[in-house]
Amino acid sequence: FSNLRTYPIKLIVYLCITIMFSNLGFLISGVAYDSIFCIPMALWIHYFFLCDFVWTFCIAFNFYQMIVRRNRNAEEWEARYHIASWGIPAVFVLFLAGFQQYGNRGGFCYMEAGLPVFVAFFLPGLVVVSANSVIF
């Protein structure tokens, strides 16, 4: 497995970890939607789905650095990737948590419907998907 321990694969492992945690949150949220764990699970799900988005951008940017710009020292970006992938989603989640925008959505725990879902989930997702389309 030593040939699989490359830097791009390492970034994909980080993405897989965030996907695993977001799906685990959905699994737990289906059971905890009527308990005191509903709001923490809503925060958890939102945070890790936003992390998924940002990690996909970091992977696309890393491939851009390695393939288009021929930057063989792309590993120097790893600290920035971690700061962006774990920090940017935290800002969105803490902002919405400050305005108490999480709760029971009728069988699962997530953000209240309407503007919060658009601004804090769909808009970041659209920006990342658009940026990935341009970069990669």
Side-chain angles (χ1 to χ4, degrees):
F1 292 113
S2 63
N3 59 343
L4 294 177
R5 293 184 193 148
T6 63
Y7 181 65
I9 296 297
K10 187 177 176 183
L11 296 178
I12 292 171
V13 167
Y14 294 136
L15 173 63
C16 290
I17 289 170
T18 61
I19 291 170
M20 181 188 68
F21 280 125
S22 60
N23 287 325
L24 180 65
F26 263 125
L27 181 69
I28 296 170
S29 176
V31 177
Y33 68 90
D34 59 350
S35 70
I36 62 170
F37 298 111
C38 183
I39 292 175
M41 290 316 306
L43 293 164
W44 175 284
I45 292 168
H46 185 211
Y47 176 73
F48 280 106
F49 268 107
L50 290 179
C51 288
D52 293 343
F53 291 152
V54 181
W55 273 116
T56 60
F57 175 77
C58 290
I59 291 169
F61 183 76
N62 186 67
F63 285 151
Y64 169 78
Q65 286 288 319
M66 293 177 70
I67 296 168
V68 176
R69 298 197 64 209
R70 298 195 184 273
N71 180 4
R72 298 296 174 209
N73 296 324
E75 292 181 31
E76 66 189 24
W77 288 82
E78 185 173 6
R80 294 179 189 104
Y81 294 158
H82 283 286
I83 291 169
S85 296
W86 305 117
I88 293 171
V91 170
F92 280 95
V93 170
L94 291 174
F95 182 77
L96 285 183
F99 288 103
Q100 299 176 350
Q101 294 295 316
Y102 295 99
N104 186 346
R105 292 272 311 264
F108 69 99
C109 304
Y110 200 57
M111 288 180 283
E112 299 296 328
L115 188 62
V117 174
F118 178 75
V119 171
F121 183 76
F122 289 118
L123 195 59
L126 179 65
V127 168
V128 168
V129 168
S130 300
N132 286 348
S133 299
V134 170
I135 288 176
F136 201 61

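Between the Asn62 side chain and the Cys58 main chain, no donor and acceptor come within less than 3.5 Å of each other. The backbone N or O of Met111 lies less than 3.5 Å from a partner atom in the side chain of Arg105, making a donor-acceptor pair. Between the side chain of Ser22 and the backbone N or O of Phe49 there is no donor-acceptor pair closer than 3.5 Å.
Shown here is Tyr14, whose OH atom has more than 12 heavy atoms of other residues, nucleotides or ligands within 6.0 Å. For Gln100, the CD atom is loosely surrounded, since the number of other residues' heavy atoms within 6.0 Å does not exceed 12.
A chain of hydrophobic side-chain contacts below 4.5 Å, direct or via other Ile, Leu, Val, Met, Phe, Trp or Tyr residues, connects Val68 to Ile135. In the hydrophobic clustering of ILVMFWY residues, with side-chain heavy atoms under 4.5 Å counting as a link, Leu15 and Ile17 come out together. Taking hydrophobic clusters as Ile, Leu, Val, Met, Phe, Trp and Tyr residues chained together by side-chain heavy-atom distances below 4.5 Å, Trp44 does not share a cluster with Leu94. Cluster membership for Phe95 and Ile83, using ILVMFWY side-chain heavy atoms within less than 4.5 angstrom, is not shared. Both Ile45 and Phe118 sit in one connected hydrophobic cluster of ILVMFWY residues. Membership requires side-chain heavy atoms under 4.5 Å apart, directly or through other members.
Atom CG in Asn23 sits 8.0 Å away from atom CG in Asp52 (nearest 0.5 Å). Rounding to the nearest 0.5 angstrom, the gap separating the CE atom in Met41 from the CG atom in Leu27 is 8.5 Å. The OH atom of Tyr7 lies 9.0 Å from the CD atom of Glu76; values are rounded to the nearest 0.5 Å. Between the CD1 atom of Ile9 and the CD1 atom of Ile12 there is a distance of 4.5 Å, given to the nearest 0.5 Å. For the atom pair CG of Leu50 and OG1 of Thr18, the computed distance is 10.5 Å after rounding to the nearest 0.5 Å.
Relative ring orientation between Tyr102 and His46 is described as tilted, the plane-to-plane angle lying within the 30° to 60° band. Phe108 and Phe26 have tilted rings, their planes meeting at an angle from 30° to 60° on a 0 to 90° scale.
Shown here for Asn104 and Gly107, the closest heavy-atom pair between the two residues is OD1-N, 3.3 Å. The heavy-atom pair separating Ala84 from Pro89 by the smallest distance is O-CD, 3.4 Å. Summarising the geometry of Cys109 relative to Ser29, their closest heavy-atom pair is N-OG, 2.8 Å, with the distance given to 0.1 Å. In terms of heavy atoms, Gly103 sits closest to Ile39 at CA-CG1, 4.4 Å.
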Side chain to side chain contact (heavy atoms under 4.5 Å, CB included) assessment of Tyr81 paired with Phe57: CA-CA 9 Å; Tyr81 294 158; Phe57 175 77; over 6 Å; no
Test side chain to side chain contact (heavy atoms under 4.5 Å, CB included) on His82 and Trp77; report intermediate values, then the result. CA-CA 9 Å; His82 283 286; Trp77 288 82; over 6 Å; no
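Two residues are said to be in side-chain contact when any heavy atoms from C-beta on lie closer than 4.5 Å; Ser130 and Leu126 meet this criterion.
Residues Glu78 and Lys10 are paired through a salt bridge, judged by an N-O separation under 4.0 Å between the basic side chain and the carboxylate.
Of the residues Phe53, Tyr47, Phe92, Phe48, the one that meets the ring pair (Phe, Tyr, Trp, His ring centres under 6.0 Å) test with Phe121 is Phe53.
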